[in-house]
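So the structure is just underneath, and the comments pick up after that.
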Number of protein chains: 2
Amino acid sequence: MHDALTDSKALLIRRWGELGGYWGISRTMAEIHALLFVTGEPLCTDDVMAQLHVSRGNASMNLRGLTDWGLVQRVHKLGDRKEYFQADTDVWHMFETITRERRRREVEPIIATIDRCREMVAQLDSREDRAADETRGFCRRLDELRGFLTTMGALFELALRFGPTGVAQLAPLIQAASGQPGPRGPTPAAAPRAAAARTGSKRAKTRARRPRR
Amino acid sequence: MHDALTDSKALLIRRWGELGGYWGISRTMAEIHALLFVTGEPLCTDDVMAQLHVSRGNASMNLRGLTDWGLVQRVHKLGDRKEYFQADTDVWHMFETITRERRRREVEPIIATIDRCREMVAQLDSREDRAADETRGFCRRLDELRGFLTTMGALFELALRFGPTGVAQLAPLIQAASGQPGPRGPTPAAAPRAAAARTGSKRAKTRARRPRR
DNA sequence: GGTATCTTTCCGACAATTCTGAAACAACGC
DNA sequence: GCGTTGTTTCAGAATTGTCGGAAAGATACC
């Protein structure tokens with residue numbers, strides 16, 4: 001090899017890129033982000049084009065997408081007309097940006113939908129017709145889902161407030177918690193099913209394929 | 001309308017489906033999951049085909065995908081040869097399943113990649129060549145990223161241990177925290193940039209388009 | 001073993017996303 | 001104003017992903 005550093009960066013960029021696919025982010029966008037992240041220094045469009053072998057249009061579009069996410073910022077160098085792009089290298093701050101953006105784009109719309117669904121069946125709720133049970137069950141699940149989403153939102157908010165060091169300090173709690181049966185909240189539905197289903201999901205990945213061929 | 005309950009379910013299913021796209025999950029898979037979730041009762045392949053207007057092959061593939069995720073379980077009814085599928089309706093447990101699965105599929109591989117990247121530049125690290133600064137910066141970011149991932153993993157682990165009610169009890173803390181300047185951990189890099197960048201990202205979504213046309 | 005019933009896989013067709021290259025656009029200096 | 005430099009957009013091409021229907025496979029019951 002001629003340059004271990006370059007190879008190492010390339011490896012991370014590639015992996016980060018394919019990971020982007022899992023997250024509904026285009027591979028190129030993720031790769032550009034990774035490139036800017038590992039580089040640390042501001043890069044211009046031509047740098048991105050050269051290092052990632054993408055077209056100018058593609059680079060431009062995705063760089064704009066990244067700035068729209070707030071993950072990348074435009075910077076200018078004195079005496080240079082080119083626009084440079086620099087990634088946020090503070091990982092925790094990156095997380096904050098992504099969290100807020102995803103909440104705005106995804107969580108809030110789904111909560112609005114849940115509320116609307118709830119309204120649609122509100123009048124049925126009190127009536128005593130054949131579908132009363134079904135309706136009640138549906139509403140219960142709707143409410144649980146909504147509660148979960150807001151609770152998770154609150155947890156993230158809290159995590160952001162505590163910051164990286166704050167959350168890191170919580171780690172020892174895990175050790176303590178895993179020693180005892182667990183201070184798990186008394187949720188009637190959750191506790192009994194947890195153990196059984198967990199082993200089930202574990203088996204799923206290694207279970208024998210359907211007896212075929 | 002002839003059935004508000006049906007319409008309400010359909011709405012949630014549709015929204016849930018399009019949300020799936022953001023998460024690298026196919027729309028149909030998300031819709032099937034939503035259908036099973038809102039129904040609560042076990043459904044067979046034909047039910048899914050009829051209610052979602054998808055082919056048998058498509059339904060079969062995605063139902064299997066969901067069971068592989070551990071979000072849906074096969075159930076059998078006595079005296080019926082058909083296989084039925086039932087979604088986990090405990091939202092918190094669903095979250096646990098998804099968290100563990102995503103960690104296994106995504107977080108662990110990226111951590112392995114980071115470690116490998118770290119090894120690749122390990123020998124360069126000590127040398128005193130021209131790229132020493134660059135290498136040091138790269139390694140620092142690598143370490144930060146790795147630390148963040150493990151910390152978040154720990155946080156999720158903790159959240160799962162506390163369970164829904166446990167986390168919900170944390171909510172009041174947020175109110176308390178938002179009153180004061182914030183007990184945010186003393187992270188040299190994070191604090192100063194947070195305010196500026198946040199307004200930046202907010203402006204991004206409403207900012208004036210490029211002066212065009 | 002044979003048949004009926006249900007499930008899974010395969011592959012061509014279709015749809016959506018992503019990428020490229022070129023043209024249009026803006027900014028700057030002369 | 002006009003050329004130079006750099007950026008953004010757009011339409012079509014290419015890639016990728018998803019779906020439907022049919023054929024093959026598995027299982028239970030007779």
Side-chain angles (χ1 to χ4, degrees), chain A residues 14 17-33 35 42-69 72-86 204 207-213, chain B residues 14 17-33 35-36 42-68 72-86 204 207-213:
Chain A
R14 217 176 324 131
E18 61 196 49
L19 209 64
Y22 291 124
W23 285 82
I25 292 164
S26 89
R27 188 176 46 74
T28 303
M29 193 165 175
E31 282 183 352
I32 293 178
H33 182 229
L35 172 63
L43 256 43
C44 71
T45 308
D46 295 272
D47 295 329
V48 173
M49 286 168 63
Q51 298 204 38
L52 260 35
H53 306 98
V54 294
S55 72
R56 186 171 299 280
N58 197 5
S60 174
M61 294 279 265
N62 282 305
L63 281 169
R64 186 145 83 79
L66 285 169
T67 57
D68 282 351
W69 270 86
V72 165
Q73 281 182 302
R74 296 173 138 82
V75 298
H76 291 277
K77 287 187 178 176
L78 283 86
D80 195 335
R81 280 180 50 195
K82 270 211 274 291
E83 250 183 321
Y84 287 76
F85 297 89
Q86 178 161 231
R207 80 158 193 280
R209 237 35 185 175
R210 278 140 312 307
R212 182 90 203 306
R213 187 128 311 264
Chain B
R14 217 177 323 132
E18 61 196 48
L19 209 64
Y22 291 124
W23 285 81
I25 293 164
S26 90
R27 187 176 46 76
T28 303
M29 194 165 180
E31 282 183 357
I32 292 178
H33 181 231
L35 171 63
L36 292 173
L43 255 42
C44 71
T45 308
D46 296 272
D47 295 330
V48 174
M49 286 168 61
Q51 298 204 38
L52 260 35
H53 305 98
V54 294
S55 74
R56 186 171 299 280
N58 197 5
S60 173
M61 294 278 268
N62 283 305
L63 281 169
R64 186 145 83 79
L66 285 168
T67 57
D68 282 350
V72 165
Q73 281 182 302
R74 295 173 139 83
V75 298
H76 291 275
K77 288 188 177 176
L78 284 86
D80 196 335
R81 281 180 50 194
K82 271 210 276 288
E83 250 183 322
Y84 286 76
F85 297 89
Q86 177 162 230
R207 81 161 193 279
R209 237 35 186 175
R210 280 141 310 307
R212 181 95 202 303
R213 186 125 311 256

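Just so it is clear, the model here is predicted, and its values are computed rather than measured. Here is the naming used below: chain letters follow the sequence lines, and residue numbers restart at 1 for every chain. Basis for what follows: all heavy atoms, side chains included, without hydrogens, waters or symmetry-related copies.
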(message) C/dT7, OP1 or OP2 - any side-chain N/O from B/Thr45 closer than 4.0 Å?
(response) yes
(request) Nearest whole angstrom, please: distance from the C1' of C/dT7 to the CG of B/Leu66. (result) 16 Å
(request) Could you say whether B/Asn58 or A/Gly57 is positioned toward the 5' end of DNA chain C, judged by the nucleotide with the nearest heavy atom to each? (result) B/Asn58
(request) Rounded off to whole Å, could you give me the NZ-to-P distance for the B/Lys77 and C/dT5 pair? (result) 19 Å
(message) Expressed as a whole number of angstroms, how long is the span from A/Leu78:CG to C/dC28:C1'?
(response) 16 Å
(message) Using side-chain heavy atoms (C-beta onward) and a distance below 4.5 Å, is B/Leu43 in contact with B/Ile32?
(response) no
(message) Tell me the interatomic distance from A/Met61, atom CE, to C/dT20, atom C1', rounded to whole angstroms.
(response) 11 Å
(request) Write down the distance between CZ (B/Arg27) and P (D/dT16), rounded to a whole number of angstrom. (result) 21 Å
(request) Report yes if a side-chain nitrogen or oxygen of B/Ser60 is closer than 4.0 Å to either non-bridging phosphate oxygen (OP1 or OP2) of C/dT8; otherwise report no. (result) yes
(message) With a 4.0 Å cutoff (strictly under), does any side-chain N or O of A/Arg81 reach OP1 or OP2 of C/dG29?
(response) no
(message) Please pick, from C/dT7, D/dT7, C/dG21, the nucleotide with the shortest atom-to-atom distance to any side-chain atom of A/Glu83.
(response) D/dT7
(message) Do A/Thr45 and A/Arg56 make a side-chain contact, defined as non-hydrogen atoms from C-beta onward lying under 4.5 Å apart?
(response) yes
(request) By nearest nucleotide on DNA chain C, pick out whichever of A/Gly24 and A/Arg56 is the more 5' one. (result) A/Gly24
(request) Tell me whether the OP1 or OP2 atom of C/dT7 has a side-chain N or O from B/Arg74 closer than 4.0 Å. (result) no
(request) Could you tell me whether the side chain of A/Lys82 reaches within less than 4.5 Å of the side chain of A/Lys77, counting heavy atoms only? (result) no
(message) Nearest whole Å is fine: how far is D/dT4 P from A/Asp80 CG?
(response) 19 Å
(message) A side-chain contact here means heavy atoms from C-beta on lying under 4.5 Å apart; do A/Met29 and A/Trp69 qualify?
(response) yes
(request) Kindly point out which of D/dT9, D/dT7, D/dG20 is positioned nearest to the side chain of B/Ser55? (result) D/dG20
(message) When you compare the side chain of A/Arg74 with that of A/Phe85, does any pair of heavy atoms fall below 4.5 Å?
(response) yes
(request) Calculate the interatomic distance between A/Met29 atom CE and C/dC19 atom C1'; express it in whole Å. (result) 15 Å
(request) May I have the distance from A/Met49 (atom CE) to D/dG6 (atom P), rounded to whole angstrom? (result) 12 Å
